[in-house]
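Within every chain, numbering begins at 1; the chains are lettered A, B, ... in the order of the sequence lines, protein sequences first and strands thereafter. Note that the coordinates shown come from a computational prediction; the quantities given were computed from them, not determined experimentally.
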Amino acid sequence: MSGHHTPQGSPFAPHTATDTEAMLDAVGVETEAELFDIPDSVRFDGEFGIEPRSERAIRAEVAQTVEKNDDLVELLGRGHYSHYVPSLVDHLSLRSEFLTSYTQYQPEVTQGFLQALFEYQSLLVELTGLGVANCSMYDAATALGEAATLADRLRQTSGTRVLVPEQLADGRREVLANYVGGTDLVVEAYPMDDGNVDVEALGNALDDEAVMVYAENPTVRGCVEESLETVGDLAHDNDALFCLGSDPVSLALLQEPASVGADVVVGAAAVLGLPTSYGMGMGLFATREEYVRQVPGRLVGASTDDTGRRTYTLTLQTREQHIRRERATSNICTNQAWVALRAAIHAASLGPDGLADLATEAVTDAQELADRVTEVVGVKAPVHDRHHVREFVARTDQPAPAVAADLEDEGYAVHVLGEHQIQLNANALAEGEVDEFVDALAEVAR
Amino acid sequence: MSFETPDDRKYNESHEWALRDGGTVRVGISDFAQDELGDVVFVELPDVGEAVTQGEAFGVIESIKAVSDLYAPVSGEVTAVNEALFDAPEQVNEDPFGDGWMLEIELSDEAELDELLSAGDYADQVA
Amino acid sequence: MNYDQARWTDDDERYEPLLSEKHTAEADLDDAPLPDELTRDSLELPDLSEPELARHYTRLSEMNYGVDSGPYPLGSCTMKYNPKFTEDVAAIEAGAVHPDRSPESVQGNLELLYDLQDYLGRIGGMDAVTLQPPAGAAGEFTGVLVAKAYHEHNGDERSEIIVPESAHGTNFASAALAGFDVVSLPGGDDGRVDLDALESALSDETALLMLTNPNTLGLFERDIEEISEMVHDAGGLLYYDGANLNALLGRARPGDMGFDIMHYNVHKTFATPHGGGGPGAGPVGVVGELAPFLPKPQVEKRDGTYDLFDPEHSIGKVHGSLGNWLVLVKAYAYIARLGDPGLADASAKAVLNANYLASQIEYEVPYGPFHHEFVASAGDQDAADVAKRMLDYGVHPPTTKWPEIVGEALMTEPTEIENKTTLDQLADAFNAVADEDQDALAAAPERTAARRIDQTGAARNLRLSWQALDDE
């Protein structure tokens with residue numbers, strides 16, 4: 001019998017019985033089992049107990065499973081945002097020549113992806129004003145961790161202090177702690193003042209033991225940071241690296257990082273290209289050209305081929321783990337290249353005005369929602385007297401956990417920050433949904 | 001393939017050469033070493049005035065496919081650095097014993113030179 | 001097989017122009033709803049219509065080679081076919097939630113993650129699994145941190161991790177990132193771990209031995225039980241690098257061999273697409289004793305309800321959220337599609353394919369018996385040139401010049417997805433190149449979108465953005 005695969009086999013192993021026979025013959029064995037050079041004592045004779053299912057059944061099964069999630073309107077943010085991703089992004093990024101390729105070890109046959117990544121790097125160079133951007137890290141948290149290890153390698157002093165804002169997403173704080181765990185760096189928090197860096201306190205905290213100062217714009221609470229230049233000056237006065245956290249949508253409007261002295265920019269680059277996908281992201285990493293040999297991860301550079309035409313190739317690979325091993329700038333190999341492709345297509349489809357408009361709306365939507373919810377009895381917003389991007393913190397007279405739980409019953413998910421603080425991402429609400437949300441909040445907050 | 005090993009200088013087992021000129025020693029890497037590395041794309045060297053120690057790393061050399069530490073053949077203060085290599089690292093490949101030189105070191109202990117390999121012994125090592 | 005890759009040529013200077021060379025514009029920032037001092041001065045970006053973009057990216061895709069284009073036997077990378085339906089499963093919108101949702105409100109996602117943890121535990125013979133690491137190297141880093149936390153918890157600080165010389169570069173880098181000294185273990189004459197060398201490397205400083213099994217030559221470490229005993233007797237732990245798990249599905253499990261910690265490369269073994277370099281996912285499995293050290297949070301099931309909890313001595317987090325969700329869903333769908341018989345068959349056919357292909361090529365294949373991959377030697381030819389020439393025959397070449405234990409290495413992993421006809425074409429490509437002279441190799445590739453690219457020029461004259469090109 002020669003079916004297209006054995007009835008009990010992998011549907012993606014296309015061997016006919018005749019071919020299998022011929023191949024076994026050529027190798028000189030009778031059965032596949034003979035090919036496994038495994039001592040009997042460690043052979044596995046049991047079963048996993050995983051029943052194979054049809055494609056159709058699995059689609060139905062997973063749909064049924066994930067649809068057990070409550071269908072909530074998510075006013076959640078803090079580093080993860082759902083900006084509308086145009087259909088174009090799916091259709092082009094899912095072209096299988098892109099999707100089913102791997103790292104461009106053979107550049108002659110992978111020019112397409114290389115050029116797309118070169119364009120992605122260029123987009124970030126434009127947004128940050130810095131000379132070099134890599135072609136992705138896993139997420140914003142690991143990018144921050146990599147920034148600290150870069151600061152560790154660059155430091156000229158015996159200093160060990162990494163200063164981060166006291167208000168920082170838990171994921172970023174905890175990943176950073178693990179990335180510096182192999183160095184002698186110590187992470188310390190500096191105070192915030194009404195949602196912005198407390199520059200006086202930071203100034204007092206800084207000394208020549210500081211290696212890196214990290215600040216965010218917008219902050220994790222959605223505030224536009226107003227003292228970036230001062231923060232940069234303070235860091236540089238103490239020979240510390242200034243690392244700024246941001247995202248490519250906000251950067252279309254807010255101060256250019258290079259113009260405020262940022263040495264490294266990290267952040268959540270998947271705000272373009274991916275809707276919130278239960279935390280899957282992509283890390284932005286850009287830095288000054290002079291630090292290019294300390295950059296973690298892959299870099300695409302321009303070159304020429306034998307015809308003299310411009311081409312693209314991975315470059316400076318001696319920084320990477322497959323060549324420099326334990327002395328590599330990072331252990332990263334597989335990255336988030338496909339998400340970078342998606343982000344680049346998304347940015348290109350928005351164009352300069354589209355991207356700036358998205359950032360502008362993120363500011364005005366936050367302002368408008370804050371204006372509305374502060375009218376609600378029992379709510380004051382925004383808590384911080386600052387400009388906001390997408391989201392802001394609101395004070396509730398009622399205990400915040402109770403307000404959030406009641407809102408969840410009404411179909412809305414919000415962050416709880418403290419006993420009487422919730423955080424709301426206005427970007428999540430479509431135009432017609434604001435009234436309904438404000439009504440629901442009025443119900444539960446009084 | 002045979003490699004040049006000029007006998008006017010001495011060698012490290014790690015392929016650096018040392019050419020004495022009075023109280024100064026000029027340092028570079030051998031023909032064999034540049035060939036092993038392939039196209040050199042970057043050389044990182046210490047600043048003038050820094051001290052280097054025999055047997056310890058003073059810099060890094062990178063090609064497309066490999067990266068290697070550079071080890072000082074003698075100890076002393078760096079009195080000159082071949083800055084031309086920063087813009088034209090290919091000089092290491094093209095002329096390893098001439099324009100591809102890297103450092104000049106003020107010799108602090110003459111006896112250290114005796115610990116290095118002669119051109120003949122080094123030629124045997126890389127043959 | 002004849003092959004000519006699409007090649008869009010604009011003029012003598014370039015192929016498909018950059019977005020920035022087509023049309024750019026300045027954003028209008030005059031009406032920004034913020035004070036001037038808080039906004040940027042200008043923003044210049046490509047400004048193109050949707051049809052122009054569709055054409056640009058379609059052309060780029062045509063100048064890119066993937067598994068769907070042809071054979072992709074890139075050793076150590078397990079370039080399997082990526083079943084299309086898994087994309088549709090991952091795209092089910094109800095799963096695309098915010099990571100900070102309350103556990104009660106995302107029971108569906110937690111159930112899927114829990115079931116995937118369970119599947120992976122069974123496949124690897126591990127008691128507990130975290131899905132958080134977003135790639136294989138992140139899995140290694142997680143495993144190393146778990147080992148570090150475990151030893152420290154026992155008041156036993158250890159400073160060294162032993163890694164075989166022929167291991168993946170990430171092993172060395174992950175150990176170093178966690179602050180360990182790396183002890184490189186020379187290989188034995190048979191290409192496997194040399195027990196004497198291991199004995200001398202082990203000490204009371206040994207925190208972990210990291211092993212790939214089968215190793216990077218495709219050889220099963222037959223002495224694995226003895227290795228395990230030696231490492232454990234020295235007070236160390238044993239780590240399994242899952243890069244080569246596709247050789248063993250249903251035949252052997254790391255947990256049964258004495259491994260304490262392992263990572264799974266779901267983008268290799270479980271067929272999630274490699275995406276031009278990522279995303280992947282690198283879940284980590286551990287034996288029960290190490291479960292309290294796993295990253296937080298972990299998914300648990302109690303009375304039919306799913307929840308998140310922080311393991312008692314958790315190492316903290318290795319990813320800002322719960323990892324690469326979309327990739328994990330695809331892995332779940334793949335495992336469910338194959339089930340027990342399919343997974344076992346995948347490994348059987350992967351091993352059969354590697355052995356068959358090796359028997360058909362003229363290049364010498366030292367060492368054996370190998371499993372899912374083999375390392376041939378290009379002999380007098382330069383392996384990098386061989387790879388370039390193979391491109392002209394419509395196949396992606398093997399991994400080259402690594403592991404270094406084989407001179408001019410051609411590390412070849414055809415995976416189970418190729419049929420005999422394709423393997424014969426692949427063998428023809430190897431053999432045609434083996435018979436060609438240096439001139440033919442040096443002129444290659446000729447049929448790809450770009451001709452031989454100047455790597456040296458790219459590194460000596462760094463241009464990493466279109467802005468850098470404009471500055472010239």
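Both the backbone and the side chain of C:L112 come within less than 4.5 Å of a heavy atom of chain A. For chain A, the nearby part of C:L145 is the side chain; its heavy atoms alone come within less than 4.5 Å. Contact of C:L423 with chain A is made through the side chain alone, with heavy-atom distances under 4.5 Å. Neither the backbone nor the side chain of C:F180 comes within contact range of chain A, judged by heavy atoms closer than 4.5 Å. Residue contact with chain A, scored on non-hydrogen atoms closer than 4.5 Å, is absent for C:S20. Contact of C:S321 with chain A is made through backbone and side chain together, with heavy-atom distances under 4.5 Å. Contact of A:R43 with chain C is made through backbone and side chain together, with heavy-atom distances under 4.5 Å. If you measure heavy-atom distances from C:N353 to chain A, the contacts under 4.5 Å come from both the backbone and the side chain. For C:Y57, the parts lying near chain A are the backbone and the side chain together; criterion is any non-hydrogen pair under 4.5 Å. Proximity to chain C (any heavy atom under 4.5 Å) is shown, for A:Q64, by neither the backbone nor the side chain. Using a 4.5 Å cut-off between heavy atoms, C:L391 touches chain A through its side chain atoms alone. Looking at C:P33, both its backbone and its side chain come within 4.5 Å of chain A, counting heavy atoms on both sides. Contact annotation for C:A175: neither backbone nor side-chain heavy atoms come within less than 4.5 Å of a heavy atom of chain A. Proximity to chain A is limited to the side chain of C:K148, based on heavy atoms less than 4.5 angstrom apart. Heavy atoms of C:A350 lying under 4.5 Å from chain A are absent altogether. Only the backbone of C:E37 comes within contact range of chain A, with heavy atoms under 4.5 Å apart.
No other option in A:D170, A:V29, A:L316, A:D90 has as many heavy-atom pairs under 4.5 Å with chain C as A:L316. Listed options A:I332, A:V125, A:L299, A:L274 were ranked by heavy-atom pairs under 4.5 angstrom with chain C; first place goes to A:V125. Interface remark: of the candidates A:A141, A:G279, A:G171, A:G279 forms the most heavy-atom pairs closer than 4.5 Å to chain C. Ranked by heavy-atom pairs under 4.5 Å with chain A, the list C:I417, C:V182, C:I123, C:N82 is led by C:I123. Between chain C and the residues A:Q121, A:E67, A:R59, A:E126, the largest count of heavy-atom pairs under 4.5 Å involves A:E126. Counting heavy-atom pairs closer than 4.5 Å to chain A, the top-ranked of the candidates C:M63, C:R463, C:R337, C:E418 is C:R337. Interface remark: of the candidates A:V27, A:D19, A:L35, A:L35 forms the most heavy-atom pairs closer than 4.5 Å to chain C. With chain A as partner, the option from C:L53, C:N419, C:D28 having the largest number of non-hydrogen pairs under 4.5 angstrom is C:L53. If you tally non-hydrogen atom pairs under 4.5 Å between each of A:R325, A:E74, A:E47 and chain C, the highest count goes to A:R325.
The pair A:E320-A:R298 meets the salt-bridge criterion, since a charged nitrogen lies less than 4.0 angstrom from a carboxylate oxygen. A salt bridge does not link A:E108 with C:R451: every distance from a Lys NZ or Arg NE/NH1/NH2 to an Asp or Glu carboxylate oxygen is 4.0 Å or more. A salt bridge between C:R222 and A:D37 is present, with a side-chain N of the basic residue lying under 4.0 Å from a carboxylate O of the acidic one. Taking 4.0 Å as the cut-off between side-chain N and carboxylate O, C:K317 and A:E174 do not count as a salt-bridged pair. Taking a cutoff of 4.0 Å between a charged side-chain nitrogen and a carboxylate oxygen, C:E111 and A:K68 qualify as a salt bridge.
Between the side chains of A:S41 and C:E225, a donor-acceptor pair is found at a separation under 3.5 Å. A side-chain N or O of C:E140 and one of C:S174 form a donor-acceptor pair less than 3.5 Å apart. For the residue pair C:Y81/A:S10, the side-chain donor-acceptor check at 3.5 Å is not satisfied. With hydrogens and angles left out, the side-chain atoms of C:N64 and C:S61 include no donor and acceptor closer than 3.5 Å.
Ring geometry, A:H415 versus C:H98: the interplanar angle exceeds 60°, so the pair is classed perpendicular (tilted spans 30 to 60°).
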Side chain to side chain donor-acceptor pair (under 3.5 Å) evaluation trace for A:Q106 with C:H396: CA-CA 8 Å; A:Q106 299 294 341; C:H396 194 286; 5.7 Å; no
Worked verdict on A:T276 versus A:S82 for side chain to side chain donor-acceptor pair (under 3.5 Å): CA-CA 5 Å; A:T276 54; A:S82 271; 3.1 Å; yes
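For the pair C:R251 and A:F36, the cation-pi criterion (under 6.0 Å, within 45° of the ring axis) is fulfilled.
Each of A:Y105, A:Y102, A:F113 was scored for a ring-ring contact (aromatic ring centres under 6.0 Å, His included) with C:H274, with one residue passing: A:Y102.
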